[in-house]
Trainee: 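Please find one structure pasted underneath; my questions will follow.
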Amino acid sequence: MPAGTRSLGTLIRRARLEQRITLRHLASRLGVAPAYLSDIEKDRRTPSYRVLAGLAQELGLDLDEVLARAGRLDPKTKEYLTSAASPALVRLLRAIARTRLRDEDLLKLAEAVERQAKR
C-alpha cells in the first residue's frame, strides 16, 4: 500500500467510530456476526463484495475506495475482465501496471474513458 494509505480495517473502524456506530449495530445492519466485522476491522478477513458494498453504504464511504483497500473488483468489472478481455485490454492493463500511474493519472484516464463512452 502506498505511504499514507490506510488498510481496509482502519478505514472501516475509523468511519464507524466517527459516526458513533457500535460494532454490534453495524454488524446487525449488514447481516453479519460482530466477531466477523471485528475481524474485518483488524484486517484478519477480506469480506465479500456484498459486505464491502454494505459497509460503504452504511458508513457513507466511496465504494471504489473500499474495494481498492480490499483488493477486490465489483462483479461487473470482474466479469468483463475475465469474459470480454481482448488483447487491447490486456495491453492497456499491462501498460498501467508497468508505468505504475499515480491516482490522479488513473482518474484522468478513467474520465477519458467515460468521455469516450458518451460519444
Side-chain angles (χ1 to χ4, degrees):
M1 229 175 269
T5 58
R6 297 179 286 198
S7 71
L8 173 66
T10 300
L11 179 72
I12 300 302
R13 187 174 192 325
R14 285 188 182 167
R16 180 179 62 78
L17 292 175
E18 284 173 5
Q19 296 176 46
R20 299 174 193 255
I21 300 172
T22 67
L23 192 70
R24 284 185 184 275
H25 179 73
L26 182 58
S28 173
R29 300 267 310 171
L30 295 170
V32 299
Y36 179 68
L37 185 54
S38 178
D39 281 349
I40 293 168
E41 288 187 355
K42 293 175 182 173
D43 294 312
R44 292 181 185 156
R45 296 184 116 166
T46 302
S48 67
Y49 174 80
R50 181 191 67 79
V51 173
L52 291 168
L55 285 165
Q57 182 177 352
E58 291 293 327
L59 298 172
L61 298 170
D62 179 72
L63 179 58
D64 290 330
E65 181 176 4
V66 171
L67 291 173
R69 298 282 176 257
R72 299 256 182 179
L73 298 171
D74 67 271
K76 286 183 180 181
T77 302
K78 187 174 183 177
E79 179 186 344
Y80 179 76
L81 288 174
T82 57
S83 67
S86 69
L89 176 61
V90 172
R91 182 178 180 183
L92 173 63
L93 294 174
R94 286 181 54 230
I96 290 169
R98 185 177 58 251
T99 58
R100 299 199 181 270
L101 294 176
R102 298 172 302 170
D103 278 354
E104 50 270 16
D105 296 326
L106 291 169
L107 288 172
K108 288 177 187 175
L109 183 58
E111 290 167 1
V113 169
E114 289 168 3
R115 281 193 307 274
Q116 181 68 27
K118 289 180 183 177
R119 291 184 186 176

Trainee: Would you find a donor on one side and an acceptor on the other, under 3.5 Å apart, between the side chain of D43 and the backbone of G9?
Mentor: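 Yes; judged by distance alone, with no hydrogens or angles, the pair exists.
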Trainee: Using a cut-off of 6.0 Å, state whether more than 12 heavy atoms not belonging to D103 lie near its atom CG.
Mentor: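 No, the 6.0 Å shell around CG holds no more than 12 heavy atoms from other groups.
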Trainee: Between Y80 and D74, does a side chain to side chain contact (heavy atoms under 4.5 Å, CB included) hold up when you go through it step by step?
Mentor: CA-CA 10 Å; Y80 179 76; D74 67 271; over 6 Å; no
Trainee: So how far is it from L23 CG to L37 CG, rounded to the nearest 0.5 Å?
Mentor: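 Those atoms lie 4.5 Å apart.
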Trainee: Indicate yes or no: does E65 engage R69 in a salt bridge with an N to O separation below 4.0 Å.
Mentor: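 Yes, this pair counts.
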Trainee: State, to 0.1 Å, how close L52 and A70 come at their nearest heavy-atom pair, and which atoms those are.
Mentor: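 Here L52 and A70 meet closest at CD1-CB, 3.7 Å.
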Trainee: Could you walk me through whether L67 and L73 pass the side chain to side chain contact (heavy atoms under 4.5 Å, CB included) check?
Mentor: CA-CA 6 Å; L67 291 173; L73 298 171; over 6 Å; no
Trainee: Give me the atom names and distance for the closest heavy-atom approach of Y36 to T46.
Mentor: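 Minimum heavy-atom contact is OH-O, 4.4 Å.
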Trainee: To the closest 0.5 Å, what do you measure between CG (L11) and CD (E41)?
Mentor: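 These two atoms lie 10.5 Å from each other.
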Trainee: Would a 4.5 Å heavy-atom cut-off, applied to side chains only, mark Y49 and R72 as touching?
Mentor: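 With C-beta onward as the side chain, the pair stays apart.
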Trainee: Rounded to the nearest 0.5 Å, what's the gap from OG on S38 to CZ on R24? Could you check?
Mentor: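 S38 OG to R24 CZ: 11.0 Å, rounded to 0.5 Å.
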Trainee: Please report the interatomic distance CD1(I40) to CZ(R16), rounded to the nearest 0.5 Å.
Mentor: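 Reported to 0.5 Å precision, the distance equals 11.5 Å.
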Trainee: Would a single hydrophobic cluster contain both L63 and L61, if residues Ile, Leu, Val, Met, Phe, Trp and Tyr are joined by side-chain heavy-atom contacts under 4.5 Å?
Mentor: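 Result: yes, single cluster for both.
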Trainee: Indicate yes or no: at least one non-hydrogen side-chain atom of L8 is less than 4.5 angstrom from one of P47.
Mentor: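 Yes, at least one pair of side-chain atoms sits under 4.5 Å.
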Trainee: Walk me through whether T99 and D105 qualify under side chain to side chain contact (heavy atoms under 4.5 Å, CB included).
Mentor: CA-CA 11 Å; T99 58; D105 296 326; over 6 Å; no
Trainee: Within this structure, what is the CG-CD1 distance for the pair L101 and I96, rounded to the nearest 0.5 Å?
Mentor: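 One finds 6.0 Å between CG of L101 and CD1 of I96.
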Trainee: To the nearest 0.5 angstrom, please state how far the CD1 atom of I12 sits from the OG atom of S7.
Mentor: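 It comes to 9.0 Å.
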Trainee: Are the side chain of Q19 and the backbone N or O of L59 linked by a donor-acceptor pair below 3.5 Å?
Mentor: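 Between the backbone of L59 and the side chain of Q19 there is a qualifying donor-acceptor contact (under 3.5 Å).
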